[in-house]
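Beneath this line is the structure, given in structure tokens, with notes to follow.
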Amino acid sequence: MDALFILILLVALIAVLIAAVFLVLAILRRRRGTKTPHLKATRADKNPLIKPENEDWHTQGTFNPAAIQDSKGRVHMLYRAVGSDGLSRFSYAASDDGVHFTDKVPYPVFTMENPKSPEKKTWNPVMYPSGGSWGGAEDPRMVSIDGTIYVTFNAFDGWDFLRVALTSIKEDDFFNKRFKWTKPELLSPKGQIHKNWVLFPEKINGKFAILHSINPEIQIEYVDRLEEITKGNRVINSKFGAKKPRKAWDTWLRSAGPPPLKTPRGWLVLYHAVDKREPHKYKLGGLLLDPKNPTKIIARTPAPLLEPDMWYENDWKPGIVYACGAIIRKGELVVYYGGGDKYVCAARAPLNELLDWMLRNGKVS
């Protein structure tokens with residue numbers, strides 16, 4: 001009888017110990033969860049902010065906007081528009097609050113001549129899936145340096161001609177809708193396919209800084225004058241592609257998004273990436289670069305900031321959030337992006353919370 005009692009007692013003690021272990025594990029998991037929250041950007045209630053309209057030059061899509069803020073806090077946008085002729089152009093809109101872009105110009109403000117061959121083409125969205133156009137100016141990014149606004153963009157003329165181009169305009173002219181652009185020049189080398197090169201919004205050590213790749217590492221070219229590259233006196237040798245996929249949500253890094261943003265913790269670079277578990281979705285994440293040596297990554301977002309979950313991110317081309325513009329406004333990061341290669345949209349996140357989240361949970365040693 002005593003032996004049976006002792007056996008029952010031992011079994012009970014073992015059961016209590018097992019339950020205690022499971023309880024401790026559950027508490028630890030819960031604590032880890034609170035330490036690594038998934039900070040997501042909040043979409044604007046007014047999304048989509050700009051939609052295609054009936055005029056021929058933007059019937060098919062209005063998307064992938066660049067954005068810049070003036071000294072009064074007014075947001076000026078340059079967005080890509082695809083017309084019924086299949087050509088990509090840029091148009092302009094402005095907003096006092098960064099959401100209601102009611103000040104829109106009813107015509108294209110920038111059109112690039114077919115850079116390779118001027119012959120007439122028959123447009124077919126199935127044949128030209130790069131945002132649904134067969135040529136023109138695509139995906140602008142803009143920064144203001146010393147009173148001049150510089151715009152990098154993709155000059156597209158079929159898949160055998162896709163190069164990064166550059167134009168500029170005086171800040172005062174742009175803010176007052178006098179669209180006196182300089183003649184577009186090509187930045188990327190002839191015979192190579194490149195996209196998504198962006199300028200830092202200020203000179204670094206007195207030089208223009210061009211971020212031309214984030215994969216396999218951060219690659220930046222520094223030049224005294226941009227004409228060194230556009231005139232062919234200097235060539236940017238850009239490498240793209242990692243040797244193996246990352247073991248994270250950003251399995252494959254695709255490209256930089258908007259130009260880098262200067263923050264108290266470093267340069268914030270938003271980027272597009274694809275998760276191998278959801279290869280049909282373009283997602284948006286962030287890198288924090290060292291303020292003194294921006295080729296060094298300080299931290300990453302441990303999860304995507306924005307994923308294509310809304311109807312307007314899946315309407316024309318499913319699974320696309322594609323950011324070309326971002327500003328810091330009243331303590332918030334505001335991201336302007338294209339949804340589904342069709343609509344202009346916006347999302348925001350508290351800047352300090354975002355940086356804390358990255359440094360706490362995504363710090364790179």
Legend entry - Note: K296-E217 ion pair, threshold 4.0 Å (strictly below): no

Is the side chain of S91 donor-acceptor paired with the backbone N or O of Y107 at a distance under 3.5 Å, no angle test?
-> yes

What one should report as the nearest heavy-atom pair of P291 and G266 is CD-CA, 4.0 Å

For K207 and D224 the tightest heavy-atom approach is NZ-OD1, 2.8 Å

Before you tell me yes or no, could you show the steps for D315 and K342 under side-chain contact (heavy atoms from CB on, under 4.5 Å), namely the whole-Å CA-CA distance, both residues' side-chain angles and the distance that decides it to 0.1 Å? CA-CA 8 Å; D315 185 17; K342 190 172 183 178; 3.2 Å; yes

- [ ] Please lay out, stage by stage, how I229 and I210 fare under the test side-chain contact (heavy atoms from CB on, under 4.5 Å).
- [x] CA-CA 11 Å; I229 300 172; I210 304 169; 3.5 Å; yes

- Give a yes or no on whether a salt bridge exists between K72 and D70, defined as a side-chain N under 4.0 angstrom from a carboxylate O. no

Worksheet item: Does the ring centre of F200 sit less than 6.0 Å away from the ring centre of W267?
Response: yes

Can you tell if the side chain of F174 reaches within under 4.5 Å of the side chain of S144, non-hydrogen atoms only?
no

Please tell me if the side chains of Q69 and R74 come closer than 4.5 Å, counting only heavy atoms from C-beta onward.
no

* Ignoring hydrogens and angles, tell me if any N or O in the side chain of N314 forms a donor-acceptor pair with the backbone of P308 under 3.5 Å. => yes

CG (L166) and CD (E185) are apart, to the nearest 0.5 Å, by 8.0 Å

Worksheet item: So if you build clusters from Ile, Leu, Val, Met, Phe, Trp, Tyr with side-chain heavy-atom gaps below 4.5 Å, do L261 and V334 land together?
Response: no

Of all heavy-atom pairs linking P52 and G61, the shortest is CG-CA, 3.8 Å

With no hydrogens and no angle check, is any side-chain donor or acceptor of E228 less than 3.5 Å from a backbone partner on R225? yes

Closer than 3.5 angstrom, by distance alone: can the side chain of T62 be matched with the main-chain N or O of Y343 as a donor-acceptor pair?
no

Heavy-atom nearest pair, E221 first then I236, reads CG-CG1, 3.8 Å

Within the 6.0 Å centroid threshold, strictly below: F90 and F153 | yes

- Task: For the residue pair T230 and L187, establish whether any side-chain heavy-atom pair is separated by less than 4.5 Å.
- Result: yes

- request: Would you please test E278 and K283 for salt bridge (Lys or Arg N to Asp or Glu O under 4.0 Å) and show each step?
  value: CA-CA 10 Å; E278 295 183 297; K283 302 179 181 182; 2.5 Å; yes

query = Between L211 and V269, is any pair of side-chain heavy atoms under 4.5 Å apart?
reply = yes

TODO: Establish, for the pair K177 and Y92, whether the NZ or CZ atom is under 6.0 angstrom from the six-membered ring centre and no further than 45 degrees off its axis.
DONE: no

dist H212:NE2 -> S255:OG (nearest 0.5 Å) comes out at 14.5 Å

Under 4.5 Å between side-chain heavy atoms, counting indirect links through other Ile/Leu/Val/Met/Phe/Trp/Tyr residues: same cluster for I218 and L268 or not? no

Rounding to 0.5 Å, atoms CD (Q219) and OG (S213) come to a distance of 4.0 Å

Worked verdict on R360 versus E353 for salt bridge (Lys or Arg N to Asp or Glu O under 4.0 Å)
CA-CA 10 Å; R360 186 171 60 245; E353 288 184 29; over 6 Å; no

Point to revise | Residue pair E227, R234: steps toward the salt bridge (Lys or Arg N to Asp or Glu O under 4.0 Å) verdict | key: CA-CA 9 Å; E227 289 80 5; R234 188 165 169 181; over 6 Å; no

Using a 6.0 Å cut-off, check whether atom CG of N205 has over 12 heavy atoms from anything other than its own residue.
no

| said: Test of understanding: clusters of I, L, V, M, F, W, Y form through side-chain heavy atoms closer than 4.5 Å, transitively. Do I327 and L49 belong to the same one? | reply: yes

Any donor and acceptor pair, going by atom type alone, linking the side chain of R348 with main-chain N or O of A41 inside 3.5 Å? no

Query raised in the report: Can any side-chain N or O of T59 pair as donor or acceptor with the backbone N or O of E53 at less than 3.5 Å?
Result: no

*asked:* Before you tell me yes or no, could you show the steps for K281 and E307 under salt bridge (Lys or Arg N to Asp or Glu O under 4.0 Å), namely the whole-Å CA-CA distance, both residues' side-chain angles and the distance that decides it to 0.1 Å?
replied: CA-CA 7 Å; K281 290 185 176 182; E307 303 179 53; 5.0 Å; no

- Indicate the ring-plane relationship of W181 and F179, choosing parallel, tilted or perpendicular according to the 30° and 60° boundaries. parallel

(Q) Is there a path of hydrophobic side-chain contacts, each under 4.5 Å between heavy atoms of I/L/V/M/F/W/Y residues, joining V321 to L270? (A) yes

Decide yes or no for P65 and V344: does some side-chain heavy atom of the first lie under 4.5 Å from some side-chain heavy atom of the second?
yes

Applying side-chain contact (heavy atoms from CB on, under 4.5 Å) to M358 and R300, what does each step give before you reach the verdict?
CA-CA 6 Å; M358 293 175 67; R300 300 174 178 269; 5.6 Å; no

Practice task
Go through Y271 and R254 one step at a time and tell me if the side chain to side chain donor-acceptor pair (under 3.5 Å) criterion holds.
Solution key: CA-CA 7 Å; Y271 67 97; R254 302 302 301 171; over 6 Å; no

Original post:
Linking I/L/V/M/F/W/Y whenever any side-chain heavy atoms sit under 4.5 Å apart, do I193 and F156 land together?
Top reply: yes

Exam field: side chain Q192 to backbone S188, donor-acceptor pair closer than 3.5 Å | no

Short question: side chain of T182, backbone of S168 - any donor-acceptor pair under 3.5 Å? yes

CG of N154 to CE of M112, rounded to nearest 0.5 Å, is 10.5 Å

**Asked** Hey, do the aromatic rings of Y79 and Y336 have their centres closer than 6.0 Å?
**Response** no

So CG of D250 and OG1 of T301: to nearest 0.5 Å the spacing works out to 6.5 Å

Practice prompt. Check the pair L199, T152 against side-chain contact (heavy atoms from CB on, under 4.5 Å), reporting the backbone distance first and the verdict last.
Written response: CA-CA 8 Å; L199 286 169; T152 56; 4.2 Å; yes

Can a donor-acceptor pair be found, under 3.5 Å and without considering hydrogens, that links the side chain of N176 to the backbone of D172?
yes

So CZ of R246 and CG of L253: to nearest 0.5 Å the spacing works out to 6.0 Å

Salt bridge (Lys or Arg N to Asp or Glu O under 4.0 Å) with E138: of R89, R80, R163, only one passes, and it is R80

Nearest heavy-atom approach of A155 to A165 is CB-CB, 4.2 Å

Is F63 close to Y337 at the side-chain level, that is, under 4.5 Å between some pair of heavy atoms? no

Do I298 and L289 make a side-chain contact, defined as non-hydrogen atoms from C-beta onward lying under 4.5 Å apart?
no

| query | Between V82 and L87, is any pair of side-chain heavy atoms under 4.5 Å apart? | reply | no

Exercise for review: Return the orientation label for the H272 and Y322 ring planes: parallel under 30°, perpendicular over 60°, tilted otherwise.
Suggested key: parallel

What one should report as the nearest heavy-atom pair of G257 and V198 is O-CG1, 3.6 Å

Donor-acceptor check, side chain of H38 to backbone of P304, threshold 3.5 angstrom: yes or no?
yes

Do other residues, nucleotides or ligands put more than 12 heavy atoms under 6.0 Å from N54 CG? no

